[in-house]
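Excluded from the calculations below are hydrogen atoms, water molecules and symmetry mates; all remaining heavy atoms, backbone and side chain alike, are included.
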Amino acid sequence: MTSAIIVAAGSSRRMGFNKLLATLCGEPVLRRSLGAFQKCAAIDEIIVVTSEALRMEVEVWRMGGLDKITQIIAGGAERHFSVHAGLQALNPACDIVAVHDGARPLISVSQITRCIEAARTQSAVACARPMTETLKRCDGDGRITDSIDRANAWIMETPQVFQRDLLVRAYEAVIRDSLLVTDEVSAVQHLGAPVFVVENTEPNPKITFPADILLAQRFVD
């Protein structure tokens, strides 16, 4: 059984309003993200980890056709607490779990499927794209100090997909050691386990600033 944990409990401080309810092509960002996992035949259940403010909205969507949503649970103060809560809510039959940021509404069904298939053989994978831009390092004053080699550099995206037991152990270690991690790759690496990339050739931006909505709109159009 393959489960998806959709993380949607952020405060949207940088956005100025709740980015998950921002309209993208006539549909809320979070609703569009959930819809991709609903349509994916490889996904059996969806657990939404969100804020109390969004709980009723998600419930309406579930009643309106997103019937793979089995649970809507409260998120934590930090992302890793939200993921940990989602892991505790998984169906006992789950053996593969995908974690996805609700603010990435353009993820495709085909890419979700590729990541799940890869995780079945490699145990731990992350949707990612290779770095193509020139990278520089700056000091605290914004002055460029040196260049960063972009060879073999990848930008992490979501979903990040794992065999369940591995990810559960990773987050137990994160909580035990009081670590702050911003993605599942970091949690699993803390155990010393390898994680592999699954290249994504399709647009999959994260909605963080108001301008990101306009960018995502162009990709959809």
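Summarising the local packing, CG of Asn152 is surrounded by 12 or fewer heavy atoms from other residues, nucleotides or ligands at distances under 6.0 Å. Annotation for Leu214: atom CG counts as buried by contact number, over 12 foreign heavy atoms lying within 6.0 Å.
By the 4.5 Å heavy-atom criterion applied to side chains, Met131 and Arg150 are counted as neighbours. Between Cys40 and Thr113 there is a side-chain heavy-atom pair separated by less than 4.5 Å. The shortest side-chain heavy-atom distance between Ile175 and Phe81 falls under the 4.5 Å cut-off. In this structure, Gln160 and Val125 have side chains that are not in contact, with every pair of non-hydrogen atoms separated by 4.5 Å or more. For the pair Val99 and Leu167, the minimum side-chain heavy-atom distance is below 4.5 Å. Side-chain contact between Val29 and Lys19 is absent, with no heavy atoms from C-beta onward closer than 4.5 Å. With a 4.5 Å cut-off on side-chain heavy atoms, Leu180 and Glu78 count as touching. Contact annotation: the side chain of Pro28 approaches that of Trp61 to within less than 4.5 Å [non-hydrogen atoms, C-beta and beyond].
Aromatic ring centroids of His80 and Tyr171 lie 6.0 Å or more apart.
Of the charged side-chain nitrogens involved, none lies within less than 4.0 Å of a carboxylate oxygen, so that Glu45 and Lys68 do not count as a salt-bridged pair. Contact check on Arg79 versus Asp183 returns no salt bridge, with no Lys/Arg side-chain nitrogen under 4.0 Å from an Asp/Glu carboxylate oxygen. A salt bridge links Glu52 and Arg55; the closest N-O separation between the charged side-chain nitrogens and carboxylate oxygens is under 4.0 Å.
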Output, in order, the C-alpha distance, side-chain angles, deciding distance and verdict of salt bridge (Lys or Arg N to Asp or Glu O under 4.0 Å) for Arg164 and Asp95. CA-CA 5 Å; Arg164 175 193 183 160; Asp95 60 343; over 6 Å; no
Kindly indicate, with the supporting measurements, whether the criterion salt bridge (Lys or Arg N to Asp or Glu O under 4.0 Å) is fulfilled by Arg62 and Glu59. CA-CA 5 Å; Arg62 172 163 66 173; Glu59 182 62 43; 2.5 Å; yes
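Under the 4.5 Å side-chain heavy-atom criterion for grouping Ile, Leu, Val, Met, Phe, Trp and Tyr, Trp154 is not connected to Ile107 through any hydrophobic cluster. Linking Ile, Leu, Val, Met, Phe, Trp and Tyr residues whenever their side-chain heavy atoms come within less than 4.5 Å leaves Leu34 and Val49 in two separate clusters.
Ile5 contributes atom CD1, which lies 12.0 Å from atom OG1 of Thr158 (distance to the nearest 0.5 angstrom). Note: Gln88 CD to Ile47 CD1 = 10.5 Å, rounded to the nearest 0.5 Å. Between the CD1 atom of Ile213 and the OG1 atom of Thr208 there is a distance of 10.0 Å, given to the nearest 0.5 Å. Note that the SG atom of Cys127 and the CD atom of Glu202 stand 9.0 Å from one another [nearest 0.5 Å]. In this structure, CG on Leu135 lies 9.0 Å from CG on Asp149, to the nearest 0.5 angstrom.
Among Arg129, Met156, Gln122, the one residue that satisfies the side-chain contact (heavy atoms from CB on, under 4.5 Å) test with Val197 is Met156.
When all heavy atoms of Ile6 and Ile46 are compared, the pair lying nearest together is CG1-CG2, 3.7 Å.
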